[in-house]
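Protein chains get the first letters and strands the later ones, always in sequence-line order, with residue 1 at the start of each. Remember, it's a predicted structure, so these values are computed and weren't measured experimentally.
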Amino acid sequence: MGCCEVLLKALPRNGQEKVMSLFALVDCNNFYVSCERVFAPHLNHKPVVVLSNNDGCIVARSNEAKALGIQMGAPFYKNKRLIEKQRVRVFSSNYQLYADMSDRVMQAVARHSPNMEVYSIDEAFVDLTGISDPMLWATDLRRKIRQWTGIPVSIGIAPTKTLSKVANQIAKKHTGVFQMDAQSGILQYFPVEEVWGVGRKTAQKLQMMGIRTAKDLQAANPRWIRSFLGVVGERMVHELYGRACLSLEGEVNKKNMVSSRAFGKKLTMLEDIECALSSHIQKVCAKMRAQKGCAQGMMVFLQTNAFSKTDPQYRASRVIGFEGPLSDTVTMIKRGKAILHDLYRLGYAYHKCGVMLLDILPKSQVQLDGLVMVGNDQLMSLMDQVNHHMGPGALFFAATGVQARWQTRCTLRSDRYTTQWAELLQVG
DNA sequence: TCTGGGGTCCTAGGACCC
DNA sequence: TCTGGGGTCCTAGGACCC
């Protein structure tokens with residue numbers, strides 16, 4: 001498909017009246033912080049932040065923390081003094097909790113929506129075409145999500161996905177639900193760098209062209225924008241104008257899947273790195289099997305800390321193809337370790353390793369194509385079932401190690417209230 | 001060996017998002 | 001001392017073919 005078709009597939013044909021499209025964006029407010037507050041209500045109205053893996057960066061902030069000037073993505077250590085002084089409550093990431101809470105919110109949205117797309121862990125688009133009273137629909141949904149899950153959400157409603165993102169930001173600052181159309185005067189006050197799809201580089205280019213607000217971009221000639229921002233830019237102009245170029249996306253099967261992580265501390269011994277890599281392979285294989293996929297190859301990488309100004313630097317990676325489609329963790333760990341042995345060099349302080357599964361096929365297609373799966377599938381499916389029942393990590397491979405010297409830092413993590421029996425919330 | 005246009009497929013890298 | 005991890009989409013350019 002050429003780029004014009006990609007761009008225009010959703011545009012109305014000449015002379016044809018198209019039914020006005022209408023989208024809602026349901027977005028959880030400060031999602032990770034809100035998850036923590038559900039189980040610790042005394043944190044309401046207090047400044048709270050949540051950190052990334054390894055307690056490296058700040059990835060979620062309550063409104064109170066934002067008001068203190070704490071920036072999204074800022075390194076934790078650079079804000080430590082401010083955080084202590086202002087008594088900001090700090091949490092390590094608790095992804096089991098956030099993923100489970102996200103499921104609950106998405107199920108609530110699904111119950112009330114004709115057609116939805118889960119866009120990220122804390123956002124969903126809904127196609128509202130045909131809903132008679134969108135504001136009533138949104139107000140009702142917002143109340144129910146709050147009641148059923150404890151999570152506050154904001155809902156923006158508009159004729160295109162891009163405009164619904166704008167509407168959502170307005171909703172966040174005011175009453176929680178906001179509807180607008182392309183003629184809305186608000187676009188005049190909406191900075192262009194906050195438009196969905198405009199990042200740092202694009203914002204700079206637009207500024208140089210004198211485009212400062214969403215209104216300016218909306219009024220620009222799409223062809224001209226295309227000449228320096230490509231089809232992505234042209235699409236943004238149309239979307240801001242109220243012509244929907246983006247529709248709801250169905251569930252996509254991923255073609256590649258990654259698991260990687262910085263170690264909790266520098267590692268020099270091959271055996272420790274083997275455990276870390278095995279653990280990544282175990283994790284990403286389970287994720288791929290949940291999608292009913294199998295991989296045709298893998299990439300393993302190993303690297304030192306690029307931020308370090310004193311450590312000698314080394315980074316290496318290798319790709320291999322399998323003899324047939326594979327989803328068996330046992331075989332995968334063997335192959336991954338073999339690569340690691342080749343990549344490893346003595347004398348470096350390693351910082352991170354990871355694995356990517358490549359060219360993933362649906363298992364259904366493997367059978368159709370007459371390809372032959374390798375590895376023990378029954379054992380894997382049994383293991384997945386047990387872990388689903390008993391909680392993640394109930395069964396694991398010895399190759400991942402039991403001491404976990406490489407384990408990430410997460411000393412400030414709250415309990416995994418909803419996924420681990422031993423960590424249920426205690427009352428009284 | 002050089003001449004030319006038109007096409008496909010693949011890969012690397014940039015930009016962006018959450 | 002301490003700077004996340006997992007993705008998507010698009011484009012340009014190279015290899016190859018006729």
Side-chain angles (χ1 to χ4, degrees), chain A residues 1-7 25 27-32 49-61 71-81 83 90 92-95 98-99 102 117-125 161-162 165 168-169 193-206 226-236 245-246 249 251-266 280 283-284 287-288 291 299 301 303-311 317 319 349 351-360 408-412:
Chain A
M1 209 189 317
C3 45
C4 294
E5 291 91 287
V6 171
L7 175 69
L25 175 65
D27 190 328
C28 302
N29 300 347
N30 315 326
F31 182 54
Y32 296 169
V49 298
V50 178
L51 305 178
S52 65
N53 280 309
N54 257 322
D55 296 348
C57 299
I58 293 161
V59 291
R61 305 156 297 157
Q71 295 299 307
M72 176 69 176
F76 175 42
Y77 75 92
K78 285 190 180 168
N79 283 273
K80 227 166 189 170
R81 279 183 53 190
I83 282 169
V90 181
S92 300
S93 287
N94 187 344
Y95 282 109
Y98 309 151
S102 172
E117 168 196 343
V118 176
Y119 175 68
S120 74
I121 194 165
D122 67 339
E123 286 171 79
F125 285 107
K161 279 184 162 182
T162 305
K165 276 267 187 184
N168 191 282
Q169 294 214 36
E193 62 268 23
E194 285 180 29
V195 171
W196 190 37
V198 177
R200 215 183 62 243
K201 297 269 182 176
T202 306
Q204 276 174 8
K205 283 189 198 169
L206 289 169
R226 182 180 187 145
S227 68
F228 64 96
L229 292 184
V231 294
V232 179
E234 185 176 8
R235 200 155 54 199
M236 289 190 298
C245 300
L246 303 167
E249 310 240 337
E251 212 152 293
V252 273
N253 285 324
K254 304 228 189 308
K255 293 182 187 73
N256 301 312
M257 286 181 162
V258 183
S259 177
S260 80
R261 196 129 305 180
F263 309 128
K265 60 179 186 194
K266 292 176 195 169
H280 289 308
K283 209 169 110 186
V284 75
K287 208 166 81 176
M288 180 179 67
Q291 176 186 294
M299 189 266 278
F301 69 87
Q303 55 189 240
T304 52
N305 188 354
F307 280 110
S308 170
K309 294 188 178 97
T310 50
D311 289 356
S317 70
V319 173
H351 173 246
K352 183 178 182 178
C353 74
V355 59
M356 188 190 285
L357 302 185
L358 309 170
D359 301 317
I360 298 171
T408 50
R409 289 183 296 271
C410 56
T411 44
L412 306 167

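- In a base pair of the Watson-Crick type (N1 to N3 plus N6-O4 or O6-N4) or a G-U wobble (N1-O2 and O6-N3), with each distance short of 3.5 Å, C:dC18 is matched with B:dG5.
- Judged by distance alone, the side chains of A:Ser92 and A:Asp55 do bring a donor and an acceptor atom under 3.5 Å apart.
- In terms of position along DNA chain C, the nucleotide closest to A:Asp55 lies nearer the 5' end than the nucleotide closest to the other residue of the pair A:Asp55 and A:Lys283.
- Judged by the 6.0 Å distance and 45° axis criteria, A:Lys161 is positioned over the aromatic ring of A:Phe125.
- The residue A:Ser259 sits close only to the backbone: its heavy atoms come under 4.0 Å of sugar-phosphate atoms, none of a base.
- Residue-level contact check: A:Phe76 touches neither bases nor backbone, having no heavy atom under 4.0 Å from any strand.
- The side chain of A:Arg409 places no N or O atom within less than 4.0 Å of a non-bridging phosphate oxygen (OP1 or OP2) of C:dT1.
- OP1 or OP2 of C:dG7 sits under 4.0 Å from a side-chain N or O of A:Lys287.
- Taking 4.5 Å as the limit, every side-chain heavy atom of A:Asn256 sits out of range of all side-chain heavy atoms of A:Leu357.
- Residue A:Lys352 places at least one side-chain N or O closer than 4.0 Å to OP1 or OP2 of C:dG5.
- At the phosphate of C:dT3, neither OP1 nor OP2 sits under 4.0 Å from any side-chain N or O atom of A:Ser52.
- At a threshold of 4.0 angstrom between heavy atoms, the contacts of A:Asn54 with the nucleic acid are absent.
- In this structure, A:Asn256 places its CG atom 18 Å from P of C:dG5, rounding to the nearest Å.
- Straight-line distance from the NZ atom of A:Lys201 to the P atom of B:dA15: 5 Å, rounded to whole Å.
- Taking side-chain N and O atoms only, A:Lys78 has no distance below 4.0 Å to OP1 or OP2 of C:dT1.
- Checking the phosphate oxygens (OP1, OP2) of C:dT3, a side-chain nitrogen or oxygen of A:Asn305 falls inside 4.0 Å.
- The nucleotide C:dA12 finds its pairing partner in B:dT11, both defining distances of the Watson-Crick or G-U wobble pair being shorter than 3.5 Å.
- In this structure, A:Gly230 and A:Lys80 both approach DNA chain C, and ranking their closest nucleotides by distance from the 5' end singles out A:Lys80.
- Residue contacts for A:Ala262: at a heavy-atom cut-off of 4.0 Å it reaches the sugar-phosphate backbone alone, with no base atom in range.
- Applying the 4.0 Å criterion to OP1 and OP2 of C:dC10, one finds that A:Arg235 has a side-chain N or O inside that range.
- Across all strands, A:Lys265 comes closer than 4.0 Å to no nucleic acid atom at all (heavy-atom distances).
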